[in-house]
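A short write-up of the structure that comes next.
So you know, we letter chains A, B, ... as the sequences are listed, proteins then strands, and number each from 1.
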Amino acid sequence: MSDLRDLYQAVIFDHNRSPRNYGELASANRRAEGFNPLCGDHVVVLLQMSDDGVVEDVRFEGRGCAISTASASIMTETVKGLTVKQADQYFDAFHRLALGEDPGDDLELAKLEALSGVREYPSRVKCATLAWHTVRSALHDTGDTATTE
Amino acid sequence: MNQAQATPDATLCPLDVESVRKDFPALHQKVNGRPLVYLDSGASSQKPEQVIDAVQAYERRDHANVHRGVHTLSQRATDAFEGAREKVRSFVNARSVREIVFTRGTTEAINLVAQSYGRSRLASSDEVLVTEMEHHANIVPWQLLCGQTGATLKVVPFDDNGELIMARFKELLSSQTRIVALTHVSNTLGTVNPVHQIIRMAHEAGAVVLIDGAQAVPHSAIDLMALDCDFYAFSGHKLYGPTGIGVLYGREALLDAMPPWQGGGDMIKSVRFSGSTYNDLPYKFEAGTPHIAGAIGLGEAVDYVSKLGMDRIAAHVHKLLDYATAQTERVSGMRVFGNAPGKAGILSFELQGIHAHDLGTILDHEGVAIRTGHHCAMPVMEHYAVPATARATFALYNTRAEIDSLFAAIDKAREIFHT
């Protein structure tokens with residue numbers, strides 16, 4: 001049996017209680033919404049992109065479980081300062097991490113590792129990946145509501 | 001008195017839960033190393049051996065298509081299928097088996113009424129009245145119907161206690177109201193609605209009434225003749241029967257006048273390219289080969305709960321709910337949604353600082369199965385401005401010790417979350 005503490009690490013509680021980059025972003029020029037229709041979790045990601053495609057600033061809003069809130073918070077810390085291409089690489093690596101696959105060793109994933117416990121909880125993988133699906137929609141300006149379906 | 005509001009009767013011989021539990025094989029297992037505590041029967045209940053055996057016996061020996069062959073197996077299958085219909089009729093006290101239509105479940109039954117009754121009769125000046133506490137299955141079919149006919153959907157709100165605001169119902173009910181559709185028992189709040197009064201008032205206003213009985217049928221005895229509603233829908237899998245089978249009760253005169261919903265085999269008398277004639281009730285609404293095994297399983301489930309006695313089941317569940325409700329008071333930061341007097345065995349709650357999904361995962365770790373999320377009742381979540389709630393539902397096989405396990409697991413969650 002897996003230990004609950006592998007899922008609920010101290011880092012998760014820290015980000016759940018004090019989410020980073022939470023709130024509005026007046027200077028945002030990209031916005032995407034994420035929605036998990038199964039559980040009703042909802043997240044909005046706001047990006048301020050530079051002309052040469054770098055994430056200059058990022059915020060998120062919404063309500064969700066500890067896993068989805070912490071994941072959104074860590075996501076914002078991760079993508080700030082990245083190019084779209086780099087952020088996409090992090091999306092792929094995080095996705096593999098959440099599914100229990102090898103994320104590769106090209107990227108610095110230390111913070112994201114805190115969420116790797118979801119691999120033991122298939123019903124919770126979507127909680128962890130919602131914010132990442134949403135930021136990808138915002139980065140590529142698809143105009144769709146991102147879902148984890 | 002409201003018939004679903006079965007007050008526990010102290011003179012009843014109480015249910016022998018330990019012996020009942022022996023009938024349910026799924027209850028006797030460990031989940032994550034802990035004995036399973038199944039408190040999610042409101043979503044779907046477990047099945048007794050009797051139901052599992054009846055379905056198996058049919059599949060192993062009696063299976064053939066119904067209403068078709070002259071051979072022995074077809075006759076056996078037809079007898080068992082129609083026997084189940086009679087058991088259901090007797091269980092809910094309908095006048096005739098012609099009023100008992102087998103469907104895939106409550107959802108399909110409501111869609112059938114919306115599309116067959118509603119679509120053939122409603123016009124743009126008409127209104128459909130639902131309540132704020134409905135399951136999505138009793139909202140979306142009416143939204144679709146209103147989209148198709150131009151009719152307007154009106155919503156009766158409930159108060160923070162979880163009770164319908166009857167003054168608003170009276171205001172919203174008018175000569176334009178053609179259909180009143182509401183739940184007998186709220187799947188989220190446990191509220192038992194005053195359906196007798198609502199049905200009477202709706203009839204006086206000239207509207208027909210559909211009752212969503214998905215949660216009410218397992219909760220207490222239903223007497224459709226006394227209730228006098230026009231349509232009543234429920235599911236087998238919340239009544240200890242199989243999934244994929246449910247029932248639409250419809251007043252015979254209404255069903256008779258309604259056009260078929262789906263076309264196909266079994267629902268016709270004759271088919272010619274110049275035109276077809278439709279079968280008698282209830283077959284007119286049962287196109288295609290039905291879920292024969294499901295109906296037989298449902299018939300067996302009806303026998304099972306009837307033998308135990310719906311009044312004894314209701315009394316048992318009420319005691320469990322009282323016991324659980326008393327425990328909620330000692331948990332700081334616990335907010336219960338739905339406090340209507342005489343409510344059914346449904347406990348929806350949230351814990352301050354712990355999202356329902358996190359709670360669900362931690363409880364599962366302790367072997368305790370509850371429902372978390374919006375319970376297919378997003379407007380109820382909106383009413384209380386919460387994204388999700390946790391919901392424990394109590395059934396005939398649950399025990400006080402299991403409620404102790406629930407609250408021990410809640411304490412564990414609070415410890416993990418340091419709340």
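- Here A:R124 contributes atom CZ and B:D364 contributes atom CG; the two are 10.5 Å apart, rounded to the nearest 0.5 Å.
- In A:E56, the CD atom is crowded: over 12 heavy atoms of neighbouring residues, nucleotides or ligands sit closer than 6.0 Å.
- At a heavy-atom cut-off of under 4.5 Å, chain B is reached by A:F13, A:N16, A:R17 from residues 10-26 of chain A, listed in order of number.
- Only the side chain of B:M378 comes within contact range of chain A, with heavy atoms under 4.5 Å apart.
- Both the backbone and the side chain of B:I362 come within less than 4.5 Å of a heavy atom of chain A.
- Side chains of B:D358 and A:Y8: a donor-acceptor N/O pair is present below 3.5 angstrom, by distance only.
- Around atom CD of B:Q352, no more than 12 heavy atoms belonging to other residues, nucleotides or ligands sit under 6.0 Å away.
- Along residues 63-97 of chain A, the residues that come nearer than 4.5 angstrom to chain B, judged on non-hydrogen atoms, are A:R63, A:G64, A:C65, A:A66, A:I67 in order of number.
- To the nearest 0.5 Å, atom NE2 of residue B:H357 and atom CG of residue A:D41 are 5.5 Å apart.
- Residue-environment remark: CD (B:Q29) exceeds the threshold of 12 foreign heavy atoms within 6.0 Å.
- Other residues, nucleotides and ligands place more than 12 heavy atoms under 6.0 Å from the CZ atom of B:R21.
- Other residues, nucleotides and ligands place no more than 12 heavy atoms under 6.0 Å from the CG atom of A:D51.
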